[in-house]
Amino acid sequence: MAKTATYTRSYAESNGFLTLLSDGAVLIGTYALGPEAGEWMQQATLAIRARTTLGVLRDTIQPFPSFSEIYAAALKALNREIKRVRQPIGA
C-alpha cells in the first residue's frame, strides 16, 4: 500500500529537473529541483565520489516505476551536449 500511495500523491505530478555535469568522461557535478531531488542527488553523489564513467551510468538500469528514471533523460541530454561541444567548428 505504501508504494502505491507514493505515486498517487499530488507531488508526483509536479515539475522538477535533474542536470548532470561532466568532464566528458565521468560525472563531476549535478543539481536538481523537485519533490524527489534528494533521491536523485544520492545516486549522483555516489557516482561522483566513485568517478563512475558516463558509459556505466548509461548502462545502469533504473528501477521502474521510480523517480530515479529521470537519470536516463538527464544522461541523454548530457550526451547530446558533449557531442555538440566536441563537434568541429563548421561541421
With L20, which of N79, T30, I48, I28 fulfils side chain to side chain contact (heavy atoms under 4.5 Å, CB included)?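 The option that passes is T30.
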Among L57, D59, T60, L18, whose side chain to side chain contact (heavy atoms under 4.5 Å, CB included) with L75 holds?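 With L75 as partner, side chain to side chain contact (heavy atoms under 4.5 Å, CB included) holds for just one option, L57.
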Kindly determine whether K83 and R80 satisfy side-chain contact (heavy atoms from CB on, under 4.5 Å), including the steps that lead there. CA-CA 5 Å; K83 285 181 180 179; R80 281 192 306 269; 5.9 Å; no
Minimum heavy-atom distance [X]-[Y], with the two atoms named:
X	Y	answer
A32	M41	CB-SD, 3.9 Å
W40	L33	CZ3-O, 3.8 Å
R51	D23	NH2-OD2, 4.1 Å

Does Y31 have more than 12 heavy atoms from other residues, nucleotides or ligands lying within 6.0 Å of its OH? no
Restricting to side-chain contact (heavy atoms from CB on, under 4.5 Å), what partner residues turn up for S22, sequence neighbours left out? L54, L78, I82
I need the Y71 OH to R58 CZ distance, nearest 0.5 Å.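 It comes to 15.0 Å.
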